[in-house]
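Contents: one structure, followed by commentary.
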Protein chains: 2
Amino acid sequence: MKAFNRLSQRQQNMMRFMHNYMQERGFPPSIREIGEECDIGSTSVVNYNLNKLVDAGYIERSGKVSRGLRIIGAIPGLSSGPRVFGAPGPQRVALVGRIAAGEPIALPDDIGHHIDEDDYIAVPPQMLSGYDENEVFALTVRGNSMIDSMIQDGDIVILRQQNTAENGEMVAAWLSEENETTLKHFYREAEQIRLQPANQEYQPIYVHPSNCEVKGKVLSVMRNFH
Amino acid sequence: MKAFNRLSQRQQNMMRFMHNYMQERGFPPSIREIGEECDIGSTSVVNYNLNKLVDAGYIERSGKVSRGLRIIGAIPGLSSGPRVFGAPGPQRVALVGRIAAGEPIALPDDIGHHIDEDDYIAVPPQMLSGYDENEVFALTVRGNSMIDSMIQDGDIVILRQQNTAENGEMVAAWLSEENETTLKHFYREAEQIRLQPANQEYQPIYVHPSNCEVKGKVLSVMRNFH
DNA sequence: AGTATACACGAACATTTGTTTGTGCCGCAA
DNA sequence: TTGCGGCACAAACAAATGTTCGTGTATACT
């Protein structure tokens with residue numbers, strides 16, 4: 001369990017409001033704005049809890065100056081809530097694990113309680129294709145089994161959680177018979193599913209629908225060289 | 001020429017200060033702080049120029065509220081200055097053009113005056129490998145000639161400007177004899193340079209140093225699916 | 001010259017806003 | 001009970017801060 005369990009409901013509300021406010025307006029809210037939104041009658045109470053949040057390491061304050069606060073750490077969402085992080089900064093999505101041939105994919109929900117702050121990665125908005133960061137997760141590719149899809153060891157793939165796919169979309173699919181995970185373009189054909197590699201020099205593979213379990217749609221890929 | 005040429009020196013200073021301030025403190029400066037830093041004696045003058053910047057589309061203001069401003073567009077740096085953009089948000093680097101076999105690479109300096117706001121792309125910090133965003137640029141890959149390096153049409157490559165490279169680094173190189181641009185791993189050998197594709201199923205090519213002009217080092221690759 | 005426009009200055013003003021102080025409630029331990 | 005610490009409330013205070021107004025100075029145009 002993490003430190004945010006020590007935050008009161010009121011403090012959680014404040015964190016959430018501050019985050020949303022900064023996300024929307026680009027600058028932090030004033031003490032009175034926080035109080036009004038969180039049903040706190042007195043500015044001193046807001047101030048009090050703000051200092052609590054500072055002690056807890058969630059925010060920093062610049063004394064004397066109006067709106068002099070910034071969010072430092074993770075925001076504890078609602079119990080089942082969104083994994084939202086502090087602004088300013090790029091979007092952040094959960095980096096939930098690795099994908100490799102021969103291993104099943106662990107989805108965010110399966111390991112939701114194990115996600116730490118370090119398991120998040122910054123992703124620029126344009127790589128989310130308009131989807132909300134909460135329905136998106138990231139996987140690190142292990143091994144070169146996806147090389148026929150132009151994806152190699154160490155790449156990070158950004159996916160949206162979904163169990164179906166439209167024709168032509170690239171998906172992460174679990175092939176139960178072959179016992180492996182793969183990233184391919186998805187085509188539902190008459191009696192079968194065609195999984196087409198991105199690299200056209202490779203041949204497509206054909207599987208039965210019952211053998212193909214879509215885990216998510218690939219939105220983008222990031223690769224770093226060191 | 002672009003709109004920022006219409007900004008006075010004073011307004012450019014203001015933009016730069018506001019950007020740095022937000023970068024550093026996480027919230028916008030007050031009118032008086034701007035004035036003090038930019039040697040403006042009167043708050044009304046700051047206010048006046050602030051409204052000018054709004055008209056020019058560089059910032060937005062929320063009336064009545066303190067520090068109620070956010071940066072929207074590009075910041076005109078110094079004359080030869082950094083191409084810095086507004087916080088909060090991911091880093092932004094110049095997307096200067098396209099890279100394709102048979103075409104030379106246009107470097108930022110060559111086309112510096114043509115960079116528009118739309119020619120910038122958000123890049124998360126970890127993809128800059130610690131380099132400053134000002135020495136980094138981005139190229140859109142056209143064609144599939146880099147497919148042997150696991151890079152395909154539509155990919156965006158992030159590069160750092162440099163004319164040499166260490167062994168093993170992936171570089172963008174212009175081969176004058178072959179009259180084409182390529183992305184390969186760079187190895188300086190006895191009498192020649194070996195350019196090694198990332199995909200090990202492809203063979204390396206060997207060129208004479210005089211034939212190989214390094215344009216930049218590849219830091220990372222981004223790929224979006226639509 | 002006369003006028004208009006852009007830009008700048010300083011001062012006064014009206015809010016906004018962070019800080020402080022005094023008080024009260026509640027649970028818990030001595 | 002008494003006392004203490006955590007938390008909350010309201011009011012008042014002191015700065016910080018955005019806004020407005022009257023004025024001045026160039027520059028260009030008629």
- prompt: Quick one: A:Met18 CE to C:dG18 P, roughly how many Å, whole number?
  reply: 12 Å
- request: Could you tell me the separation between the CD atom of A:Gln11 and the P atom of D:dC7, rounded to a whole number of Å?
  value: 7 Å
query: Any donor-acceptor pair under 3.5 Å linking the side chain of A:Arg67 with the backbone of B:Ser66?
result: yes
field: N or O in side chain of A:Ser30 less than 4.0 angstrom from C:dT17 OP1/OP2
entry: yes
- prompt: Counting side-chain heavy atoms from C-beta on, which of C:dA8, D:dA8, C:dT17 comes nearest to B:Asn49?
  reply: C:dA8
- request: Round to a whole Å and report the spacing from CD of A:Glu33 to P of C:dT15.
  value: 17 Å
- request: Nearest whole angstrom, please: distance from the C1' of C:dC25 to the OH of A:Tyr48.
  value: 14 Å
field: Any donor-acceptor pair under 3.5 Å from A:Ser149 side chain to A:Leu183 backbone
entry: yes
- request: Measure from the side chain of B:Val65, starting at C-beta and using heavy atoms only, and say which of C:dT17, C:dT19, C:dA11 lies closest.
  value: C:dT17
- prompt: Whole-Å distance between C:dT16 C1' and B:Arg67 CZ?
  reply: 12 Å
message: Output the rounded distance in Å from CG (B:Leu69) to P (D:dT19).
response: 10 Å
- prompt: Does OP1 or OP2 of C:dT16 have a side-chain N or O of B:Lys64 closer than 4.0 Å?
  reply: no
query: Choosing from C:dG18, C:dC9, D:dT19, which nucleotide comes nearest the side chain of B:Arg61?
result: D:dT19
Minimum-distance nucleotide to B:Arg32 side chain [options: D:dG18, C:dT19, C:dA11]: D:dG18
Main-chain N/O of A:Met150 paired to B:Arg223 side chain as donor or acceptor, under 3.5 Å: yes
statement: Side-chain atoms of A:Thr43 come closest, of D:dG18, C:dA11, C:dT19, to C:dT19
statement: Whole-Å distance, B:Ile31 CD1 to C:dC9 P, equals 14 Å
Given C:dT20, C:dA11, D:dG18, the nucleotide with the shortest approach to the side chain of A:Asn47: C:dT20
Contact under 4.0 Å: B:Ser42 side-chain N or O vs C:dC9 OP1/OP2: no
message: Side chain of A:Ser44 only, heavy atoms from C-beta on: which candidate in C:dT20, D:dC7, D:dT20 is closest?
response: C:dT20
query: Rounded to the nearest 0.5 Å, how far apart are OG1 of B:Thr43 and CD of B:Glu33?
result: 13.0 Å
- prompt: When you match B:Val45 and A:Ser66 each to their closest nucleotide on DNA chain C, which lands nearer the 5' end?
  reply: B:Val45
field: Rounded interatomic separation in angstrom, taking CZ from A:Phe27 and C1' from C:dT17
entry: 14 Å
message: Tell me whether B:Lys217 is salt-bridged to B:Glu166, with the criterion being a basic N under 4.0 Å from an acidic carboxylate O.
response: no
